[in-house]
Structure formats: structure tokens, C-alpha cells
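Working notes, beginning with the structure itself.
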Amino acid sequence: MWRVIAMSEYTEIEKKWQNRWEKDRVFEADPDPTKPKFFLTVPYPYPNGALHIGHGRTYTVGDVIARYKRMQGFNVLYPIASHITGTPILGIVQRVKDKDEIALEQYRRDLRLYLDTEEEVEAQLQEFVDPWKTVNFFADAISMDFKALGYSIDWRRKFTTGDPIYTQFITWQYQKLNDLGYIQRGAHPLLFCPNCGNPVGEDDLLEGEYAKIKDFNAMKYGFEDGYLVAASLRPETTFGITNMWIHPTATYVWAKVNGEKWVVAEAAVEKLKLQAKEVEVIRSFPGSEIIGKRCRTIHHDREILILPAEFVDVTNATGVVYSVPGHAPWDYIALRDLWDSPSELEKYGISAEEVRNIDIILMIEVEGQGDFMTKDVVERLDVKSQKDVEKLEEATQEVYKVEFYEGTMKENCGQFAGRKVSDVKDDVIAWLREKNRADVFYEPDQRPVICKCGTDVQIAVLEGQWFLDYEGPGWKDRAWDALNSMRIVPELFRSLFESTFNWLAQRPCARKRGIGTPLPFDPEWIIEALSDSTIYMAFYTIAHHITSNELDPEQLTVEFFDYVYLGVGDEKKVSNDTGIDRKLLKTMREEFLHWYPNDQRHTAPSHISNHLSFAIFHHAAIFPKEHWIQCISLNEHVNLEGRKMSKSKGNVIPLVEIPQRYGADVYRTYAISAAEPASLMDFRERDVPSVRNRLRQFVDITGKYSSYEPRAYKGKDSPSPITKWVLSKVNSIIDFATGNMETFKLREYATQVTSEMIRVINQYMRRSEVPEDEHNHTMAYICEKWVRLMAPMTPHLSEESWLNLGGEGLVSFAPWPEADTDLIDPDIEMAQEVVSSTVRDIREIIKLLKDKTPNKAHVYVAPEWMYSAMHMIRKADVPLMVGEIMKLLMSQDEFKKHGKQIKSIVDRIAKENGLWEHSKSAEDEFTVLKDSAEHMSSELGLEVVVHSFENPDYDPQNKARFALPGRVSLYLE
RNA sequence: GCGGAGGUUGCCAAGCCAGGUCAAAGGCGUAGGGUUCAGAUCCCUAUCACGUAGGUGUUCGCGAGUUCGAAUCUCGCCCUCCGCACCA
């Protein structure tokens, strides 16, 4: 006898199977020549705190794939490790040492999830002054979480990126990259705190945490015996220059910059120094001193006036602005202000006449805009003066957007005339550089940016920075080759890879602090966290051999990895040189060859622009083509109750709580069924019970029929129509669910095997006309398939049900069900559709009849010739227009005699805008309805009589003539 | 700014690529009925509006267009979300 399993028992079932899997080491995957292999990876977690349900989504999807592939007969390797490179772990250590109360409280919250008493929490917290104890604690915690969620991981292969053996591996990798010439050294700009003397990352900032670096063009205009250096984001507008702007009361300097004499704002001096310029201040002076003097344009070396402007911000870039009144609202307004109040000019010894004579130069034209767009916009927005900051910003944005994207350089732009502004910008910069008239000046793209120490953050150019040159010889081509031959699911993410590949250039790969591997050729630098995690999937293939044989890190030489990963070198010599047993070496080489390539890498799309692209590049650089990653699959992040999860806001559900709060299988089902991988999932606690209910029904139903022999009634068993129907449906579901798995439509898979399956089963179970034996054996047949369909998603409950059903071995390794196509019959499925639509129609009429309650429903099936007519239209593929269809049908004698009714069918088709589904023949439709009459009667609570059109023995209101294929006519009395 | 995704009936969310069978799947919520000692679960039914015969009307961000026909294709506009390099 079956029984309802109480919720508390779920936890026990889950524990029981987890223990069994672990005890029997069933997911420890070793090379097996009898099976095809499948090597699946997900990124290793970062153990600096407890993981939450969001992380769980990715690992769960990975596990579902792993389990599905296993049932498909693959030898599946699904490993995991811990990533500890970089600064976050050290950050914890530092904050614990500093007794930072806010941070401590957050760590306590995480610790309480795993420890029972406050004493234990405090004791553990004190241990966190040691980075390794921190790492080990959370790495173990995460392992326990993963086990409690039923992940089918091979734990023997775990490691951390701080392990000496891993460090040896990364050393080898960077040696290889260096040999290839892909590592370079040079200057690179980054956010920098002058007070701390360090580069600053997001975590180090008090304000402006999303600031990026913006490059201004420092443009050198000839002035006296040096240059007046103006900063601009639109260097192409230098052809429209009319004058120069200087702030009259701010302090400027003459300074020697890399050997040249420059005039810039005093405030720019320190920035230039930070940006790796040699700066020596010659003298300071107030801006007013040079106002009224002249400097020279770059493109035609003509003299232009230096004028005063209050809007100049000397704290931004060089503090010198060149004026393009034709295309810059600020400049236009400033010039207009001077025209309007020439008295301002006198104190600088400039005549009003001189300023009035400045001709505004228009050098960009935009089709569909007036000649002087800047003026139009300024007037439309009604900008009154330089003080109208907001309106001027708006005008600047608008003019820039239109001119940059739609504008063309006019004939006064020298060699750039006639080209589109958006195309020409880079060329103008190159031209200026070549003439030694432009340099870069970096600024943050927003202000303020404040370091945690309270200092204003600047941009520094650090010399001697190491980077990976993704534009190195041949590298990108190989990477494109890899991407183009790789499967990306969902495919829509491919374009993100493509744009990343396009902009990927030089990327710093080492920094001076944090945990990690020292650069082999410059050990002061530590390889940073994203750069040491690109080909580590290869490390899984041998990690367990290294640890179980207790190899010394010293033994893992470049020669060793060359042999194991690249097959380079002689086994005997490598063995002699490293002291590693020959047989072991061979085993490792073979195991690598067995598992590689990585068949599928699964993670979140936010990794595309960095980690995943790097992984593709580094594989392309180091490994031969047959060892490149085969497929990347992605799933989006998780929101909680409509909001982004954030530890500081406190709205997170930790992974560790899932098994107790919901149950592992419930969570797994939720994570698969709430959203397709490509879309953001919203975890709403309110929806959890409905998932749990579906699983309970799964357990109840499979439990109820576990003692019957599965059997598919067919042919000479003469099953009832509804049994044929349910067998067809169930096999369709198998087909569909398998297809969904293959195409990574996991939500659709989940819907099929839970909701759709339950609905079908419920419909079947309500049919009392099925003989008991037939019903029980059919249900057993369904359950036996169903348990396996569910197994990747609900492994624990499926193991339990599988055991009850008497299945062979573990369901985790049972063969994935295949659809019995002989049992799939669309006509039978369609026929049942007609039955339910008939029931729906009768219900609707009953509702409309209101007070008059009918007790008998007469159902009339359409005549056979109508079915032939419908088939004919379908086959003919004529345009669905009244005339065309009429012509087609009336050409047949068979239909001519029904002219009037043909017209009404055709009208109907026109009105419906197409054909509709119906049974194959009148005979079929009649039989099915007749067989279901009893069922319909009990559903509707009235007697149902089915008549065929050919022989309607009772039709008082002459309704039969309205019947159409698939749409019976009704008469209720 | 650059690149990408998206706006669907109370909420969540399919459909859109391959236009017609779409008043538009499924879930949640709500209402009615059944099961139940009761409650929960579970099952059935309904859930845009109107309608005493299966019908009609108005919907898929807004506005145009293509088409016999548009949630689906094209163009423009508005809005939301995500990534953007030293951050793991």
C-alpha cells in the first residue's frame, strides 16, 4: 500500500542517497574505454563567505546536465575546486585584525550558518587572522553545501589556486605564454590613491565605485616658445577652433614636461606626474597674465586669441580649453557673453572689436539639420549664459550625439574633409600624435572618486606593468577560430563574445598584492585572479594523481607539464628529471588525453567579457585545436523577491539553508523550472509550495503503482482509446523533454516532466472506463519512464522511487528513457482534443442557458465529405482566400453537390484566418466521441448522445447541418 | 557613451527567429465546486469585456508601415535591466 511521505522524511531520503553515493564513490570518474566521455566544468567558487541561492542556480544547472549525460551513457566528469587568488581573502584577514565591527558582524552571520554556538563562532572568527584557515573553513562549508544539494561531483580532484602544486601549474602556463611572446611590459593607466600609493579597486572606494578611466586628448597649440596644452574629448573639432579659453583667476604654470615647455593649470601638475610624465615647474602665474595673447592653431598655424572664461574647470584635465563655438554650446555661449559685455575685455587689453571679428567656423555638417546646429539647440533650450550649467550640458550632449554619429567633416577639414565624423575621430588623433601635437591625459569619468582613506583618487600610469597582449601575433585569429567552431548555448550570447573579442587588447595580468602565483620571470608581481583561471580545467584531469601520490611541488616542473599536457619530451627523461614514476607519468598523460577537451563549460553570462573569453584565448594559445573548449552554456543570475541579492542589504538566502528550508530536490526543481537559462530568475518564496506539491504528487503516484508490472497495451491487447491516448502523450513528453534537454531549454524540460506529465496522468486517472488491470499496468509503465525523466532534476526522490519500483542499480546511472514512437499517434491525441473542446462548448452553452437546465446533450459529427474537403485544402496549399478555395473545391464533382455548405465552410476558414485541427475522418471522430460519451456525461452531469451526420436519428432543431470537422454541432434539451 | 537583452492579459512568465490553428501555454493569486471530521494538500471549473446556443468586441510599451492577415516582420519614439578591463 502506498502512503503520503511527510516533509521531514524528504530530508532523510536526501541524506540517505547522498551518503550512499559518497560511500560507493559512484561519481568518482575514471577513464573508461567502454563509454564515451563527457567532461563538464563550472567555475570554482570563491570561498570568502557563504554562497547563496544565486550561486546555486549555476551549479544546479551544471549538475542537471552532468546527470542527464550520465543517463545518456556518457562517462561524466564533473569536478570542482576553490579559487582563492587575489585580495578578498586577505581583506578578511586584515579586517579581522583591524577588528572592523561591521565586517566582523558579517562574518559572524556567515559562521552562524555552520556553527551551533556563539563560542564556536567567536573561536572560528579568531582563526580568520590566518588566510589559510579562512579558505579552508569556507571551502569545506561550500563542499558540504554542494553535497547536501546532491551534486554529482568527483571530490578527489579538488584543489585551491593557492596550493603550491597549482602555483607550479600556473608557472608553466605563464612560461608558455611568455615563450609565445604574449606577455609584455609597459605603462598602463589605473585608478590610484596618491595617499596610499596603491592602485584602488571597487572595494577600496568610499565614493565613485563605478568610476572608469576616460582619455582626454591633450592638444598642444604653439604658444611662445612652447605649447598651450588644451584637453578635449572631441579632437576632430580642432578644425573649428577660433580662440582659447583660460580661467582668469586660476593659477597656471609654465612647466617642462618630458622636455617640452607646456602651459597647463597648476592643478594638472601632480596628475601629469602620476601619469608618468617628467614635470618640472618653471613658474606659476595667474590666468589673466596670458589672456589677450595669441597662440597658434595646429592645422593651419594661424594666430588665435586667448580669452577669459569662467566656465573653465582647472581641476579637470589640463585646465585649458580650446574654443569651437560652431560646435560646442559652452564655447558659443561664452563667446556670445563676451560680445554682449565687451567691458570685461578691456582689463585684458583686448578690444571689443577684435573679439567681435571672430568668425564662427562651421566644420561639421549634418543632413537634415540647419547650418548652425549648436546655435539652434542653444536657442531652443533657451540657454541664457555660462551659468546655465544644466541646459548647457544637455545641449552639449545633443549636439555631440547628432554630430558624431550623423555628421560629416566639411571641406575646411583638410585631408579629413568629406568623411563621417564617427569614422574620422581615430584618424585625427593618429594624425595629431604623429605631428607630436597630441598626448593622452587620463581622468576618471566621474567625480568625486574618493579612496577609503579619504583622498581624492587620481589616474596613475604605472610603468613596468605586466600584461597579456591579446593582440599578440596570431593569437586573436586562433581565438576566433576557437569561438567560431564552438557551440554557445543559448546562441544569443555569441554576439557578446564577439564584441569582447573585438575590443580585447592588452590586459594587465599581475599586481603587487594578493594571493597567487608570482610571475616566473618577475616574482615581485603576482598573477591576478582572472589571469590564473583560464586553462585550469586541465588541472582537474591530473590533480587527484598529484595529491594521492603526494608529489612534491618541486617535481612539477615545466618539463613535467610539457609532457603531460602537450606530449612534449621523453617519458623516461621526464621521469629521471622529476623523480616521478614512469607509470604514473604515463597514467597522467593518458588521463589528460582521455578527458580533454572540456566538452562543456557552464556559467553566468557576466563572465563572458572576461573569464570565458580569456579561457578561449588561453586554450587557443597553449593547446592544439582538438583540446579547445567544445561548448559554453550560460544561465543568468537570480533575484530574490524581485530584488538583486546583496549581502550588505541582508536579502540573501544562503545555500546551506536550502535543504532544511525547501529540500534539495524542491530547490533544484525550482531553479530549473522558474526561468529559462537565458533569463534572470526571480526566486519567490511564495512559489515554492507549488513546486513541492508537484514533487509530492510525483512521489505519491510513482509510489502507488510501484508493485505493478509496467506494460504498454497495444495492438491485440485492444486498449481503450484513452489508454492509447495516455501512452501516446507520455511518449510525446519523453520525446519533447529529451529535445529540450539537448537544446538547453531546461525550463521547458521541467514543465514537461512535472506539470504536463501530472496533468496527463490526472486526466487518465479520472477515466473510470479503463479496466483495472489495464489501468494499473499502464500507470506502472508511465511511472517507470517518469522516474528516469525526473532523475537529473530530482535525483534523491528519483532514487527512492526507482528503488521502490525495483529498478536496476541506481537511477543516476539508469538509461535515459527513449520514446516508443510506435505509441505516438497524433490522431489519437487530436481526437481527445475534440472531446475536451466538446465538453468546453457544452459547458459554455449551459452557462448561457442560465435558468433552463438541460438534461440531455445531442452531439452531431460532420459528414465524411467535409473531412475530405479539409484534407484537400490542406494539401493544395492555395492562398487562404475565399475565391481560391472555392475554385479549388468546386472543381470536384464530389463537392459540387454540396455547394451551399461548401460556401459556409470556406467562409468559416476565411473568418478563422486558416484551417483548424480535426480528426482524420468522420468515422474516427464519431468513434472517439461515442467512446467518451460516458466520460462526458459524468463530467457534465447530463446525458450525452452522439449522432453521426449520415444518420441523425434525432434532430428536432435541425442542428446537425452546422457540424464541421473537429467542431461538432450540439443540441441541448 | 559602447555593447547586449527586454517591455505580453492582476503578478511571474511562454509565444516572436520560421506571420494565420493566439483572447494568447504554464505557474501564482482570486472565485466556485469536489475530496476531507476539520484545515492543509489534492482534483475539477472559471478568471479582458459583453452575450438566454458555441458568438461578438477590444487587447500583447507608444506611433507609423508592409501584408488578404501582425504579439510575431520593418521604421521611429519612450522606458527598464545587464556587462564595459586590474573586480572576483
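None of the values given here were measured: they were computed from a predicted structure. Convention: sequence-line order gives letters A, B, ...; per-chain numbering from 1.
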Practice task
Measure the distance from CG on A/Asn48 to P on B/C87 and round it to the nearest whole Å.
Solution key: 15 Å

Handout entry: C1' atoms of B/U30 and B/C17, separation to the nearest Å
Key = 36 Å

Problem - Euclidean distance, atom CG of residue A/Asn502 to atom C1' of B/A85 [Å, nearest integer] - result: 16 Å

Problem - Separation of the C1' atoms in B/U58 and B/U52, to the nearest angstrom - result: 23 Å

Problem - Pairwise C1' distance for B/G39 and B/A25, with rounding to whole Å - result: 32 Å

Problem - Minimum heavy-atom distance A/Asp841-A/Leu970, with the two atoms named - result: CB-CD1, 3.8 Å

Practice task
Show the numbers, then the answer: is there a side chain to side chain donor-acceptor pair (under 3.5 Å) between A/Gln184 and A/Gln506?
Solution key: CA-CA 9 Å; A/Gln184 289 188 352; A/Gln506 289 76 34; 5.3 Å; no

Handout entry: Salt bridge A/Arg507-A/Glu528, side-chain N to carboxylate O under 4.0 Å
Key = yes

Practice task
Could you check whether A/Phe467 gets within reach of a base, just the sugar-phosphate, or nothing at all, counting any heavy atom under 4.0 Å?
Solution key: nothing

Exercise for the section: Go through B/A85, B/C43, B/C87 for me and flag the one nearest to the A/Asn610 side chain. Expected result: B/C87

Practice task
Would you indicate, yes or no, if B/C87 has its OP1 or OP2 atom less than 4.0 angstrom from a side-chain nitrogen or oxygen of A/Arg511?
Solution key: yes

Handout entry: Nearest listed nucleotide, side chain of A/Asn693, among B/G54, B/C42, B/G83
Key = B/C42

Exercise for the section: May I ask which nucleotide in the shown strands pairs with B/A85, Watson-Crick or G-U wobble, both distances under 3.5 Å? Expected result: none

Handout entry: Touch class at under 4.0 angstrom, heavy-atom based, for A/Arg694 against every strand present
Key = sugar-phosphate

Problem - From B/A85, B/C43, B/G54, nucleotide with atom closest to A/Val968 side chain - result: B/G54

Handout entry: Separation of atom CE in A/Met757 from atom P in B/A25, rounded to whole Å
Key = 22 Å

Problem - Pairwise C1' distance for B/G65 and B/A70, with rounding to whole Å - result: 11 Å

Exercise for the section: With a 3.5 angstrom cut-off on both distances, give the Watson-Crick or G-U wobble partner of B/U9, or none if there isn't one. Expected result: none

Exercise for the section: Please determine, for the side chain of A/Ile845, which listed nucleotide (B/G54, B/G27, B/C43) has the closest atom? Expected result: B/G54

Problem - Annotated protein contacts, base or backbone, on nucleotides 11-17 of chain B with a non-hydrogen cut-off under 4.0 Å, one of B, S, - each - result: SSSS---

Fill in the blank from the handout: Any strand, both distances under 3.5 Å, Watson-Crick or G-U wobble: B/C62 pairs with B/G76

Practice task
Determine the contact category for A/Leu190: base if any of its heavy atoms lies under 4.0 Å from a base atom, sugar-phosphate if only primed atoms, P, OP1 or OP2 are that close, otherwise nothing.
Solution key: nothing

Practice task
Please state the P separation for the pair B/G33 and B/C81 - nearest whole angstrom.
Solution key: 44 Å

Practice task
Might you confirm whether atom NZ of A/Lys745 has over 12 heavy atoms from other residues, nucleotides or ligands at distances under 6.0 Å?
Solution key: no

Completion exercise
CD1 of A/Ile527 to OG1 of A/Thr161, rounded to nearest 0.5 Å, is 11.5 Å

Exercise for the section: Using a strict cut-off of less than 4.0 Å between a Lys/Arg side-chain nitrogen and an Asp/Glu carboxylate oxygen, indicate whether A/Lys512 and A/Glu524 qualify as a salt bridge. Expected result: yes

Exercise for the section: Using atom CG of A/Leu530 as one end and atom P of B/G83 as the other, report the distance to the nearest whole Å. Expected result: 15 Å

Problem - Centroid-centroid distance, A/Phe683 to A/Tyr670, less than 6.0 Å - result: yes

Completion exercise
Among the nucleotides B/C28, B/U41, B/A85, whichever has the atom closest to the side chain of A/Arg696 is B/U41

Problem - Nucleotide B/C87, atom C1' - distance to CD of A/Glu528 in whole Å - result: 9 Å

Completion exercise
Rounded to whole Å, OH of A/Tyr749 lies from P of B/G26 at a distance of 20 Å

For nucleotides 3-7 of chain B, which of its nitrogen or oxygen atoms have a protein nitrogen or oxygen under 3.5 Å away, and what is each distance?
unit_1, atom_1, unit_2, atom_2, d
B/G3, O2', A/Ser499, OG, 3.1

Exercise for the section: Provide the distance between the two C1' atoms, one in B/A18 and one in B/C73, to the nearest whole Å. Expected result: 11 Å

Problem - Value in whole Å for how far the P atom of B/A46 lies from CZ of A/Arg840 - result: 8 Å

Handout entry: Within-4.5 Å side-chain heavy-atom neighbours: A/Met757 and A/Ile761
Key = yes

Problem - ring-ring contact (aromatic ring centres under 6.0 Å, His included) between A/Phe501 and A/Phe617, worked out - result: CA-CA 9 Å; A/Phe501 276 39; A/Phe617 269 83; 4.8 Å; yes

Problem - Nucleotide opposite B/A71 in a Watson-Crick or G-U pair, distances under 3.5 Å - result: none

Handout entry: Pairwise 5' ranking along RNA chain B for A/Leu972 and A/Glu636, keeping only the more 5' one
Key = A/Leu972

Handout entry: Sugar-phosphate, base or nothing in reach of A/Val839, heavy atoms under 4.0 Å
Key = nothing

Exercise for the section: State whether a side-chain donor-acceptor pair under 3.5 Å links A/Tyr662 with A/Glu685. Expected result: yes

Problem - Opposite nucleotide pairing with B/G29, Watson-Crick or G-U, both atom distances under 3.5 Å - result: B/U47

Practice task
Take A/Arg759 and A/Ala529, find for each the nucleotide of RNA chain B with the closest heavy atom, and name the residue whose nucleotide sits nearer the 5' end.
Solution key: A/Arg759

Practice task
Anything under 30° is parallel, anything over 60° is perpendicular, the rest tilted; go ahead and classify A/Tyr166 against A/Tyr536.
Solution key: perpendicular

Problem - For atom CZ of A/Phe216 and atom C1' of B/G1, their distance in whole Å - result: 13 Å

Exercise for the section: For B/G19, give its Watson-Crick or G-U wobble partner with both distances under 3.5 Å, or none. Expected result: none

Practice task
With P as the reference atom in both, quote the distance from B/A46 to B/A38 in angstrom, rounded to an integer.
Solution key: 26 Å

Exercise for the section: Answer yes or no: is there an ion pair linking A/Arg234 with A/Glu403, defined by an N-O contact shorter than 4.0 Å? Expected result: yes

Exercise for the section: Without swapping roles, check the side chain of A/Arg57 against the backbone of A/His637 for a donor-acceptor pair under 3.5 Å. Expected result: yes

Handout entry: Proximity to the side chain of A/Ser969 - top-ranked nucleotide from B/G83, B/A85, B/G54
Key = B/G54

Exercise for the section: Just call it for A/Thr85: base, sugar-phosphate, or nothing, with non-hydrogen atoms closer than 4.0 Å on any strand. Expected result: sugar-phosphate

Practice task
Look at A/Gln763 and B/C44 and indicate whether a side-chain polar atom (N or O) is within less than 4.0 Å of OP1 or OP2.
Solution key: no

Handout entry: Rounded C1' spacing from B/A71 to B/G19 in Å
Key = 10 Å

